[in-house]
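Each remark here refers to the structure printed beneath this line.
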There are 2 protein chains.
Amino acid sequence: MPDTSQNEQKSEQPRRRQARGERRIAQLLSAAASVFCSTGYTAASTNAIAREAGVSPGTLYQFFPNKEAIAIELGDRLMHEMRDTYGEALAPVDPATPLEEAVGAAVDRFIDFNCAHPVFFALMHGPDVPGRMAEEHDALHATLLSRIEGLLSSYLTDAPPAELNRTAHMVLGIYKAGLELVLAHEGAEREAFVAELKNALIRYLRPLAEARGLTTTPAP
Amino acid sequence: MPDTSQNEQKSEQPRRRQARGERRIAQLLSAAASVFCSTGYTAASTNAIAREAGVSPGTLYQFFPNKEAIAIELGDRLMHEMRDTYGEALAPVDPATPLEEAVGAAVDRFIDFNCAHPVFFALMHGPDVPGRMAEEHDALHATLLSRIEGLLSSYLTDAPPAELNRTAHMVLGIYKAGLELVLAHEGAEREAFVAELKNALIRYLRPLAEARGLTTTPAP
DNA sequence: CCAGAATGCGAGCGACCACTCGTATTTGTC
DNA sequence: GACAAATACGAGTGGTCGCTCGCATTCTGG
């Protein structure tokens, strides 16, 4: 007997979505961002997310199979927006660009993004991420590291790979530490911490760049 | 920070403790350290701690009123040992001491302690600490900051207080970032990251120290 | 040696959480 | 308007976790 009405497509089920549904999804993701941001992933309850979005728990599960899928989708959308808006922030740069300029531009772009989307920091910094979230976390971390290595290789032309990797780790660590300080302050103080972060990175990197005989701008 | 060596509870009941009990407490704290270290505080279940210690859940609650008290006691003992062993690590130093030496000594001492007691980092770094743990966290943070400020004031004699505070925040942030990298590696790589952390801190601070006595950046 | 205190046990209680299900309402299409 | 699919609801389900309680066992002072 030909079963035309029910075709088992376990991998892809093109569920017809109405405009109302898309709106709900955006609403739920926004609510989830808010809750994740204030309590972290594990401590955030799906009921709290639904309440924040003004819907019932059942409605939430109409659009997401489980709690993790919410964070995954949120992370994917943030990554996508980050690529769209700041995709070139860490692209290999003209070696003639002064180190100060390259660091300053990269820091400004990433700080802007993280300030506009504090959830990103919350999701990527918390050690309380289960299963697939951890994979995404590691993937982003690896991506950032290799991008930083690419940037650094313009300035540290003949450093051994192990040293380059260590320096990239340290640069990312310093950035994360600075980001935490920046997010913890506002207004003029925030700006001061941004400048301090740039200083820390530039002072850390300049001796390495100078040792390779590359041009850096002297302090004006 | 007030010394809470004696219980100020409503009824002073000095429960007589046998040697067996003291042994159990140490056993339970060691098990808790292990579990906290691998899963974090919130994800750690009291049953898992009891199982790790080879006792029943009821026995655990014979010695600790609740889960938080385990972490508190663990933190207190670690703090005590830290004060005993490394109390002078951040004491004000002779201004004649070279910056490199002061930073290197302080980093070595703290890295040693944190490597010997990885729970300390796990408890102090996780954002998943409830109620009274957060207070201890903040208290330690403030103590470290003021100690760092004290140290820095030997080298930045005429920096405005706000700048001194910002620099101390940044130094602590860089240290924490470096500690994370150090704990994530072993052997020769670990040593390399320790050296890298010292480099980062020294390069960040040296320009400030060299500028002492000179006019600070003009105020806007 | 023997009361009583300290220690030890583990099934179980209440609370909370991720998630489900039967049902009611809205929306798109003919 | 009719019909089905999509959306919405919220009490309920199973499971986990922090913690308790009654009772057995071991230690200690007199």
In terms of the angle between their ring planes, are [X] and [Y] parallel, tilted or perpendicular, with boundaries placed at 30° and 60°?
{"X": "A:H141", "Y": "A:H169", "answer": "tilted"}
{"X": "B:Y175", "Y": "B:F110", "answer": "perpendicular"}
{"X": "B:H125", "Y": "B:F121", "answer": "parallel"}

For atom [atom1] of [X] and atom [atom2] of [N], their distance in whole Å:
{"X": "A:L28", "N": "D:dT7", "atom1": "CG", "atom2": "P", "answer": "12 Å"}
{"X": "A:R23", "N": "C:dT26", "atom1": "CZ", "atom2": "P", "answer": "14 Å"}
{"X": "B:Q62", "N": "D:dG22", "atom1": "CD", "atom2": "P", "answer": "14 Å"}
{"X": "A:E22", "N": "D:dA8", "atom1": "CD", "atom2": "P", "answer": "12 Å"}
{"X": "A:Q27", "N": "D:dA8", "atom1": "CD", "atom2": "C1'", "answer": "12 Å"}
{"X": "B:E68", "N": "D:dC17", "atom1": "CD", "atom2": "P", "answer": "19 Å"}
{"X": "A:R20", "N": "C:dT27", "atom1": "CZ", "atom2": "P", "answer": "5 Å"}
{"X": "A:R17", "N": "C:dG28", "atom1": "CZ", "atom2": "P", "answer": "15 Å"}

So does [X] get a side-chain nitrogen or oxygen closer than 4.0 Å to the phosphate oxygens (OP1/OP2) of [N]?
{"X": "B:T46", "N": "D:dC17", "result": "no"}
{"X": "A:S56", "N": "D:dA8", "result": "no"}
{"X": "A:R24", "N": "D:dA8", "result": "yes"}
{"X": "A:Y61", "N": "C:dT20", "result": "no"}

Under 4.0 Å, counting only non-hydrogen atoms across every strand here, what does [X] touch: a base, just sugar-phosphate, or nothing?
{"X": "A:A50", "value": "nothing"}
{"X": "A:A44", "value": "sugar-phosphate"}
{"X": "B:G58", "value": "base"}
{"X": "B:N47", "value": "base"}

If you draw the axis of the six-membered ring of B:Y41, does the NZ or CZ of B:K67 fall within 45° of it and under 6.0 Å from the ring centre?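 Cation-pi check for B:K67 and B:Y41: passes.
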Please tell me which of the listed nucleotides, [options], lies nearest to the side chain of [X]?
{"X": "B:Q18", "options": "D:dC19, D:dG18, D:dT28", "value": "D:dT28"}
{"X": "B:P57", "options": "D:dT26, D:dC9, D:dC19", "value": "D:dC19"}
{"X": "B:K67", "options": "D:dG18, D:dC27, C:dC19", "value": "D:dG18"}
{"X": "A:N66", "options": "C:dC19, C:dC17, D:dG18", "value": "C:dC19"}

Nearest 0.5 angstrom please: A:I70 CD1 to A:M133 CE, how far? 11.5 Å
